[in-house]
S.K.: 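Quick one: the structure is below, questions incoming.
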Amino acid sequence: LKKRAYRPLPFATLPDRLKQLGVTSGRVDTFAAKHGIEVVSCRTLNDSVVQRYLQERTPRLAVFTGGGIIREETLRSAGDGVLNCHMGRLPFYRGMDVVEWPIFQGHVDQLGFTVHFMDHGIDTGNILGMFPVSQEDAENIETLRLKYEVPMAESLVEMAVRWLSGQVQ
């Protein structure tokens, strides 16, 4: 929730969406305390503190919003699995620079992101949904990446809720 230099864009950005939702705190710990949400601090999801937390709490689902590879022990301890939102359309655009590659290849119709379960591979695992993103209103790669942020966050939450309620398999 760290604030960054803000300039209005022709589409909603994370600061815009947070304002719409009434989120005024710029700190995750402050927001969590206000809403009774437990916070576990760690360097990565592979830290031992995370392993202990998952084993003690046995959550039904974990949601990952960072980068990196999750170890098998974390994947196994996360109930149904670890849900991730990848900034490219899987399985075609894995790894890094997945906003740029469709453009470089002349496939702007393939811009979009994927909500999927993580597994031991890199950007592999069962796919729950793929979502298109238009390059319209994006001045450059930086603003195109900003355009992804709100729909990615909202789709990740929506797919987690749909999974937990049995609406998607």
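Model, not experiment: these values are computed from the prediction.
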S.K.: Can you list everything that forms a side chain to side chain donor-acceptor pair (under 3.5 Å) with Ser134? Sequence neighbours excluded, please.
M.R.: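 Listed in chain order: nothing, the list is empty.
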S.K.: Between the side chain of His116 and the main-chain N/O of Cys85, is any donor-acceptor distance below 3.5 Å?
M.R.: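 No; zero donor-acceptor contacts below 3.5 Å.
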S.K.: Got a sec, which hydrophobics cluster with Val82, joining ILVMFWY side chains under 4.5 Å apart, including via others?
M.R.: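 Direct or chained contacts put Val82 with Val40, Leu45, Val49, Val50, Tyr53, Leu54, Phe64, Ile70, Leu75, Met118.
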S.K.: If I compare all heavy atoms of Ala160 with all of Val63, which pair ends up nearest, and what's the gap?
M.R.: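 For Ala160 versus Val63, the nearest heavy atoms are CB-CG2, 4.3 Å.
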S.K.: Would a single hydrophobic cluster contain both Ile103 and Val98, if residues Ile, Leu, Val, Met, Phe, Trp and Tyr are joined by side-chain heavy-atom contacts under 4.5 Å?
M.R.: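 Linked, Val98 and Ile103 end up in one cluster.
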S.K.: What residues form a salt bridge (Lys or Arg N to Asp or Glu O under 4.0 Å) with Asp137, not counting sequence neighbours?
M.R.: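 Here no residue qualifies.
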S.K.: Please list all pairs meeting side-chain hydrogen bond (donor to acceptor under 3.5 Å, both in side chains) that have one or both residues in residues 159-169, counting only residues at least two apart or in different chains.
M.R.: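 Those involving residues 159-169 are Asp80-Trp163, Ser165-Gln167.
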S.K.: Do any pairs count as a salt bridge (Lys or Arg N to Asp or Glu O under 4.0 Å) and have a residue in residues 32-46, sequence neighbours left out, and if so which ones?
M.R.: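 The answer is Glu38-Arg57, Arg43-Asp47.
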S.K.: Consider only side-chain heavy atoms of I, L, V, M, F, W and Y, link residues closer than 4.5 Å, and tell whether Leu164 and Val157 are in one cluster.
M.R.: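 Looking at the clustering, Val157 is in a separate group from Leu164.
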S.K.: Write down the atom of Val168, the atom of Met159, and the distance for their closest heavy-atom approach.
M.R.: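 Result for this residue pair: CG2-CE, 4.0 Å.
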S.K.: Which pairs, with at least one residue in residues 120-156 and sequence neighbours excluded, count as a ring-ring contact (aromatic ring centres under 6.0 Å, His included)?
M.R.: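 Only Phe113-Phe131 qualify under ring-ring contact (aromatic ring centres under 6.0 Å, His included).
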S.K.: According to a 4.5 Å side-chain heavy-atom criterion applied to Ile, Leu, Val, Met, Phe, Trp and Tyr, with indirect links allowed, do Leu128 and Leu61 form part of one hydrophobic cluster?
M.R.: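 Yes, it is one cluster - the side chains of Leu128 and Leu61 are joined through contacts under 4.5 Å.
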S.K.: Are Leu14 and Val99 connected in a single hydrophobic cluster, I mean Ile/Leu/Val/Met/Phe/Trp/Tyr linked by side-chain heavy atoms less than 4.5 Å apart?
M.R.: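 The answer is no; the residues belong to distinct hydrophobic clusters.
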S.K.: For the CG atom of Asn46 and the CD1 atom of Ile69, what is their distance to the nearest 0.5 Å?
M.R.: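 Output value for this atom pair is 9.0 Å.
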S.K.: For a quick test of reading the model, state the closest non-hydrogen atom pair linking Pro59 to Ser77 and the distance between them.
M.R.: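 Result for this residue pair: CD-O, 4.1 Å.
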S.K.: Give, for atom CD of Glu142 and atom CG of Leu9, the distance between the pair rounded to the nearest 0.5 Å.
M.R.: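 Glu142 atom CD to Leu9 atom CG measures 8.5 Å (nearest 0.5 Å).
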S.K.: How many angstroms lie between CZ in Arg52 and SG in Cys42, if you round to the nearest 0.5 Å?
M.R.: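 Here the interatomic distance stands at 11.0 Å.
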S.K.: Is any side-chain heavy atom of Val150 closer than 4.5 Å to one of Asp16?
M.R.: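 The answer is no; the side chains never approach within 4.5 Å.
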S.K.: Just to verify, what does Arg17 make a salt bridge (Lys or Arg N to Asp or Glu O under 4.0 Å) with, not counting sequence neighbours?
M.R.: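 Only Glu154 meet the salt bridge (Lys or Arg N to Asp or Glu O under 4.0 Å) criterion with Arg17.
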S.K.: Should Leu146 and Phe11 be marked as a side-chain contact (heavy atoms from CB on, under 4.5 Å) after you check the CA-CA gap, both sets of side-chain angles, and the distance that decides it?
M.R.: CA-CA 9 Å; Leu146 291 173; Phe11 50 85; 4.2 Å; yes
S.K.: Any side-chain to backbone donor/acceptor pair from Lys147 onto Pro10? Under 3.5 Å, distance only.
M.R.: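 The answer is no, because no donor-acceptor pair under 3.5 Å joins these two groups.
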S.K.: Counting only heavy atoms not in Ile122, do more than 12 fall under 6.0 Å of its CD1?
M.R.: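 Check fails, neighbour count at 12 or below.
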S.K.: Listed by chain and number, what are the side chain to side chain donor-acceptor pair (under 3.5 Å) partners of Gln51, not counting sequence neighbours?
M.R.: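 Residues passing side chain to side chain donor-acceptor pair (under 3.5 Å) with Gln51: Thr74.
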S.K.: Applying salt bridge (Lys or Arg N to Asp or Glu O under 4.0 Å), name anything that partners Glu72, two or more places apart in sequence or on another chain.
M.R.: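 Glu72 satisfies salt bridge (Lys or Arg N to Asp or Glu O under 4.0 Å) with no residue once adjacent residues are dropped.
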S.K.: Would you tabulate the side-chain donor-acceptor contacts of residues 86-97 under 3.5 Å, counting partners in other chains and residues two or more places apart, or write 'none'?
M.R.:
{"residue": "His86", "atom": "ND1", "partner": "Asp123", "partner atom": "OD1", "Å": "3.4"}
{"residue": "His86", "atom": "NE2", "partner": "Tyr93", "partner atom": "O", "Å": "2.8"}
{"residue": "Tyr93", "atom": "OH", "partner": "Gln105", "partner atom": "OE1", "Å": "2.8"}
{"residue": "Arg94", "atom": "NE", "partner": "Asp123", "partner atom": "O", "Å": "3.3"}

S.K.: Who are the side chain to side chain donor-acceptor pair (under 3.5 Å) partners of Thr143, not counting sequence neighbours?
M.R.: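 With sequence neighbours excluded, Thr143 shows a side chain to side chain donor-acceptor pair (under 3.5 Å) to Asn140, given in chain and number order.
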S.K.: On the 0 to 90° scale, with breaks at 30° and 60°, tag the Phe31-His35 ring pair as parallel, tilted or perpendicular.
M.R.: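 Judged by the thresholds at 30° and 60°, the geometry between Phe31 and His35 is tilted.
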S.K.: Checking Arg145 now: which residues fulfil salt bridge (Lys or Arg N to Asp or Glu O under 4.0 Å) with it, not counting sequence neighbours?
M.R.: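 Once residues adjacent in sequence are excluded, the partners of Arg145 under the salt bridge (Lys or Arg N to Asp or Glu O under 4.0 Å) criterion are Glu100.
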S.K.: Are the side chains of Val115 and Asn84 in contact, using a 4.5 Å heavy-atom criterion?
M.R.: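 With C-beta onward as the side chain, the pair stays apart.
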S.K.: Is there a path of hydrophobic side-chain contacts, each under 4.5 Å between heavy atoms of I, L, V, M, F, W or Y residues, that connects Leu156 with Leu18?
M.R.: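 No: no chain of side-chain contacts under 4.5 Å links Leu156 to Leu18.
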